[in-house]
Amino acid sequence: MAVLVNKNTYVVVQGITGREGSFHTKAMLDYGTKVLAGVTPGKGGQNVHGVPVYDSVYDAVSKHPELNTSIIFVPSAFASDAIYEAVDAGIEVVVLITEHIPIHDSMKFIRYARLRGVCIVGPNCPGVISPGESKVGIMPGHVFSKGKVGIASRSGTLTYEVAHAITKAGLGQSTAVGIGGDPITGMNMIDMLEMFREDDETKAVVLIGEIGGDMEERAAEYIKRCSYEKPVVAFVAGRTAPPGKRMGHAGAIISMGAGDAESKIRAFEACGVKVASTPAEVVKLLKGALRIG
Amino acid sequence: MAVLVNKNTYVVVQGITGREGSFHTKAMLDYGTKVLAGVTPGKGGQNVHGVPVYDSVYDAVSKHPELNTSIIFVPSAFASDAIYEAVDAGIEVVVLITEHIPIHDSMKFIRYARLRGVCIVGPNCPGVISPGESKVGIMPGHVFSKGKVGIASRSGTLTYEVAHAITKAGLGQSTAVGIGGDPITGMNMIDMLEMFREDDETKAVVLIGEIGGDMEERAAEYIKRCSYEKPVVAFVAGRTAPPGKRMGHAGAIISMGAGDAESKIRAFEACGVKVASTPAEVVKLLKGALRIG
Amino acid sequence: MKLYEYEAKQLFSLYNIPVPEFGLARTPEDAKNIAQKLGGKAVLKAQVLVAGRGKAGGIKFAESPQEAYELAKKLLGMEIKGEKVNSLLVSRAVDIERELYLSIVVDRSVGAASILSSSEGGIDIEELAAKSPEKIVKVYVDPLVGLKAHHVRRIVESMGLFDEQKKVLQDITLNLYKLFVELDCELAEINPLAVDKEGKLVPVDAKVIIDDNALFRRKEFAERASAELSEFEAEAKKHGFSYVELDGDIGIIGNGAGLTMATMDVVKLYGGRPANFLDIGGGARADIVEKAASLLLKHPNVKVLFVNVLGGITRCDEVAKGLVNALATYGKGKRLVVRLMGTNEEEGKRILSSAGISAFDSMEDAAKKAVELAKVM
Amino acid sequence: MKLYEYEAKQLFSLYNIPVPEFGLARTPEDAKNIAQKLGGKAVLKAQVLVAGRGKAGGIKFAESPQEAYELAKKLLGMEIKGEKVNSLLVSRAVDIERELYLSIVVDRSVGAASILSSSEGGIDIEELAAKSPEKIVKVYVDPLVGLKAHHVRRIVESMGLFDEQKKVLQDITLNLYKLFVELDCELAEINPLAVDKEGKLVPVDAKVIIDDNALFRRKEFAERASAELSEFEAEAKKHGFSYVELDGDIGIIGNGAGLTMATMDVVKLYGGRPANFLDIGGGARADIVEKAASLLLKHPNVKVLFVNVLGGITRCDEVAKGLVNALATYGKGKRLVVRLMGTNEEEGKRILSSAGISAFDSMEDAAKKAVELAKVM
């Protein structure tokens, strides 16, 4: 079944006429993703790689009522409006690629979407891929392969790194979700653990964390609290990051004495989650957990 | 089982030290309602008719974690804050007696409560009674009796009038809900129809409407759409009301050519709902619908 | 509370929605002077709250200050649907090329503000909604989130405008929404929103209704609202009664709006004509009941007073006491029909019967009696 | 972006949170003059962004303008935890009776602002949270609803204050929240919020952090932020790289923040010391890669440059071209270790090998090599 996106995912691309939007529309189509429509205000009537462009998500949904997923490439100043537009138009999963969104804006739309029952993936994320079914994101599709490992990650390329290793090992992924590198994201690790728990295809979960915040600690606490049934392997980036400095991601900062890698690793280990010391080690631990090899 | 309030309803009274709050706390206690706590900011530590008073709903809930229902008597200028306080403290059903709340305020808190999954009854309502189980409101308990008719009404005394007749006829009520006389209310007739539909105790439903808005028309449309299984009898007040004048309730106004009684009666009749021409006739129609007498 | 057009337009100006230059005339001289200032030509619009003043002859065009004077003389003091014209809005006339429609209203069905717009303005929007609903664009605004750019785009794009006009309409929409929210409006409407011969967007008419429950935040309007009440309405308001005047001869008092309305309805059903609607609310004591009853007994149109009380918080004995007192003072030549039920019913009935008044148990029976009495008086 | 105390206090004043009178001194003369204006006595506070300046001797009390001059002379130019003191806040000294704590912070766990307050201020709040969490009142504010009266009451009631002080704290809380939201803050903190001998509430210290992503809405701060960067940081910023300077000798370039951090971590795991963190982001072309590589190759501390690229949108051939070019210009005396994988990997490796550079497939192997090279250089 996979989670968040699958064969029944019908995608509208918000910001389709931009450089990024257009490039990744092509890449998603090539992957086999059902991209039915694009939106750029004022550019309705055009088409991008054969995908019709509309002035609003409302128009797109009127023409393509099967649309259930949106991917947003619009610049940060307009991203928040794009989210509300998608949610109000009835979209169920919104993948927000855009980075540099002010946190006061994202607090609001994330709260709104959650209350409305809409899943927001991101902001500042590479998107979601359920290999062989649908890719709604900017990740290189070829490093992923259909399989049994669910991945939830705060980082993009690090996900590809780990996914590639998992693919090479023949395990494959059920779904890989880049939840985003911002301090506050729509889907968090607990949300993903819950979804993977219900997903029959997923036999093990990989969590890729990094410094900043306490999402990993809360995930660990959740795993313990609910006696999570599936094996979980983690990797945490930023063991060598100095406090008080943002490491690329808006969310990757050790601040006010909290959010360092050691605390996260300790939390994971305390609840039985194996923590890899290098990305390559993730596969070794996964195999152990799944009693393979 | 009844709906909204029942034996497992534990009540906090917001505005308990006021004249109204104190009076009705006594009346609810006398009826057998489980009033565990009251709230008036700055008056924590007092007690009213033996009910302990707290400074905040948060404090009350900390001391009485079983609290799940609030009834609000605070003046209109403070009512909206009281709602948010109740919702944020985890209360599940909020009965808002207060009238004269600005509609821009109630649009917001009603929306918020709905998104949070909290039921707001009111504003400007007499409350809810499930006879013999719990009375969370200002209605005279003795005109109600345990039975099989669910009542949802936009009016207070008119509810008592009809309930009294139903009681005399030996049918009794499962739950009677005064949804409130404001243009926008938390629970509307469709919400109540849905709840009564799921309630085994309720064998028939009485809707008491009045002029203004299109809640009755929407309820009729709902009854038709879902082929509502239980018999519904309606009464609509205001056949003689002139357009453009508010008839007591903020919501009772025929405005911009919409909301007159005839339109509501026609809508009900078109979907098979019998409409009584006097309050007393409601019982006759109920008996017919239930094939009694 | 409905505002006059000139009040609405003043608010529009305050919120940077540019309206055609205007002045308010209370005398023909005023009208002449304003027309002079506007360059001679002007449109004169009767300031009334009832709808349909155009068809009733309440809007006139003057070609000169002198004509403005003459027209104003005719308009001032005339009655439009029963409402006297006390002032005129004298405004620069607009050369209208096209008429659009824009309004924001509290939508009861969805519990949110909804913005209605149409490229066909000038006509009655309800009529348009009934006839060609596809010509109206309706956008709901989530009350927690507020107006967003995508809402505004949908409205602006639907009007068939040029880019520059779109920018103006965008600002008008944003400002109108701001006004709507900040002033607790139930309605803020521009109809028509004209496009003039030069392509400029001009709000020709303006309608604003403010939520009565929010008037405590807008004292200036609250005072005006009070000043306009009739003698009976003002006194009812003073005591906190809900009161509406009708044209029949049976005065109606009830406790609770729904019950009072139903009482009127039953009276009508049996062939009577209600003289008013008066809701004493919940828990009224004897003195309040006395004031309510006295008010209606004093009313010249009222022949029979029909009091229908279902006692809950309201105690029947208090009601009875109040009625007996009012009747003693103002009952001459009037008849009283009472229906009492509920809290302290026995005591209430005893008090009434010592004063020679019998009370009914059923509101239907009581209504029949009231109608019968009114017919023979 | 962290603000200096004096900037935070200026914002406080703007938002009607009254702070003790102060001036900013950039010279000892300034300090003397300000102390004079304040009546002689003053407190001098080094304006630095690092925490713990009090313990580091960055706060001094002067009994006279002359002493202010002498102290300022010592303070200005001193280094606190590596940060040079360029200015002093010279402020009226407060007679502190009690110290409270009040802050508003973006709470990542709940995705909302949370207001923290305590009747025990002045100390490190994290320490207090760890030691006596029951002494901290924490209130979450729903981002859609905003601050409500009941939130403020919970904070105000927990402080053990008199009624008049409560009113003041209420206003401070409301204003601080307004500032927090309107200026896109991540943190707005008053610690301590002193109660002076006269019972007045006085914010003695002020800390404000503004969301970097919102600086486009606050140009004045954005400019200051740029002005403070080191030469290398400024150049990295110009090209849009994420760049953090560290103290090792192995320069790190990666694409993607997580991968770059992981690269640092692996280097450290194998015994090396990263000189920096540089993320070129996604889809970098040859010229961008060249600029990134040149920047690090020019850095005096960097002995070995370790480039770890996993090509997705980023193409390995573009990376290779950029590296070869940078090495040709700035590679003297430096070593390059490359790990390339993904899009156009073959072509990239070919380009590198024609320039005599071999590329690794595994980041672990590459890291080991980089560490080894750094040790022998």
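Residue numbers begin at 1 in each chain, while the letters A, B, ... track the order of the sequences. On a predicted model such as this, the values are computed, not experimentally measured, just so you know. These numbers come from the heavy atoms of this one structure, side chains and all, not from hydrogens, waters or symmetry mates.
- Summarising the geometry, atom CG belonging to C:Leu144 is positioned 10.5 Å from atom CE belonging to B:Met107; distances are rounded to the nearest 0.5 Å.
- Heavy-atom distances place both the backbone and the side chain of C:Leu310 under 4.5 Å from chain B.
- No other option in B:Asn188, B:Val143, B:Thr159, B:Asp105 has as many heavy-atom pairs under 4.5 Å with chain C as B:Asp105.
- Rounding to the nearest 0.5 Å gives a distance of 8.0 Å between OG1 of B:Thr240 and CD1 of C:Ile252.
- Using a 4.5 Å heavy-atom cut-off against chain B, the contacting residues of residues 270-284 of chain C are C:Tyr270, C:Phe277.
- Proximity to chain C is absent for every atom of B:Val162, based on heavy atoms less than 4.5 angstrom apart.
- At a 4.5 Å heavy-atom cutoff, the contact between B:Glu161 and chain C is made by backbone and side-chain atoms alike.
- Counting heavy atoms from C-beta on, the side chains of B:Pro279 and C:Val266 come closer than 4.5 Å.
- Proximity to chain C at a heavy-atom threshold of 4.5 Å picks out B:Lys108, B:Arg111, B:Tyr112, B:Leu115 from residues 108-123 of chain B, in numerical order.
- Ion pairing of C:Arg108 with B:Asp182 is absent here, as no side-chain N (NZ or NE/NH1/NH2) approaches a carboxylate O to less than 4.0 Å.
- Shown here for C:Ala262 and B:Ala237, the closest heavy-atom pair between the two residues is N-CB, 4.2 Å.
- Under a 3.5 Å cut-off, the side chain of C:Glu364 and the backbone N or O of B:Thr278 do not form any donor-acceptor pair.
- For the atom pair NE2 of B:His164 and CG of C:Asp361, the computed distance is 8.0 Å after rounding to the nearest 0.5 Å.
- When the candidates B:Ala258, B:Pro126, B:Pro183 are compared by the number of heavy-atom contacts under 4.5 Å with chain C, B:Pro183 comes out ahead.
- You'll find the side chain of B:Ile138 reaches within 4.5 Å of the side chain of C:Ile313, heavy atoms only.
- The line from CG of C:Leu187 to OG of B:Ser255 is 9.0 Å long, rounded to the nearest 0.5 Å.
- Side-chain contact between B:Pro102 and C:Arg217 is present, with heavy atoms from C-beta onward closer than 4.5 Å.
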- [ ] Please assess B:Arg246 against C:Ser242 for the test side-chain contact (heavy atoms from CB on, under 4.5 Å), listing each intermediate value before the final yes or no.
- [x] CA-CA 9 Å; B:Arg246 275 189 206 287; C:Ser242 293; over 6 Å; no
Side chains of residues 18-26 of chain B: which donor-acceptor pairs under 3.5 Å do they make with residues two or more places apart or in other chains?
| residue | atom | partner | partner atom | Å |
| --- | --- | --- | --- | --- |
| B:Ser22 | OG | B:His49 | NE2 | 3.4 |
| B:Thr25 | OG1 | B:Gly21 | O | 2.6 |
| B:Lys26 | NZ | B:Asp30 | OD2 | 3.0 |

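- Heavy atoms of B:Leu158 lying under 4.5 Å from chain C belong to its backbone as well as its side chain.
- Options B:Ala165, B:Gly251, B:Gly209, B:Gly141 differ in how many heavy-atom pairs under 4.5 Å they form with chain C, and the most are formed by B:Gly251.
- Residues of residues 76-86 of chain B never come within less than 4.5 angstrom of chain C, heavy atom to heavy atom.
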Open item on the list: What verdict does the side-chain contact (heavy atoms from CB on, under 4.5 Å) test give for C:Thr343 and B:His142, after you've listed the backbone C-alpha separation in whole Å, the side-chain angles of each residue and the deciding distance to 0.1 Å?
Closed with: CA-CA 9 Å; C:Thr343 311; B:His142 62 272; 4.1 Å; yes
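- Proximity to chain C involves both the backbone and the side chain of B:Arg239, based on heavy atoms less than 4.5 angstrom apart.
- Interatomic distance, B:His249 NE2 to C:Met261 CE, rounded to the nearest 0.5 Å: 6.5 Å.
- Between B:Ile184 and C:Val106 there is a side-chain heavy-atom pair separated by less than 4.5 Å.
- With a threshold of 4.5 angstrom between heavy atoms, C:Val110 does not approach chain B through any atom at all.
- No side-chain donor-acceptor contact under 3.5 Å links B:His104 and C:Asp184.
- For the residue pair C:Asn255 / B:Thr157, no side-chain donor-acceptor distance below 3.5 Å is found, with atom types taken as modelled.
- Neither the backbone nor the side chain of B:Met139 comes within less than 4.5 Å of any heavy atom in chain C.
- Residue C:Phe241 does not touch chain B at all, counting heavy-atom pairs closer than 4.5 Å.
- In terms of non-hydrogen atom pairs under 4.5 Å with chain B, the most contact-rich of C:Gly256, C:Gly342, C:Pro143, C:Ala112 is C:Pro143.
- Within the model, atoms CG of C:Asp212 and NE2 of B:His100 stand 10.0 Å from one another, a figure rounded to the nearest 0.5 Å.
- In this structure, chain B has heavy atoms under 4.5 Å from both the backbone and the side chain of C:Asp265.
- Looking at C:Asp107, the atoms closer than 4.5 Å to chain B (heavy atoms on both sides) all sit in the backbone: N, CA, C or O.
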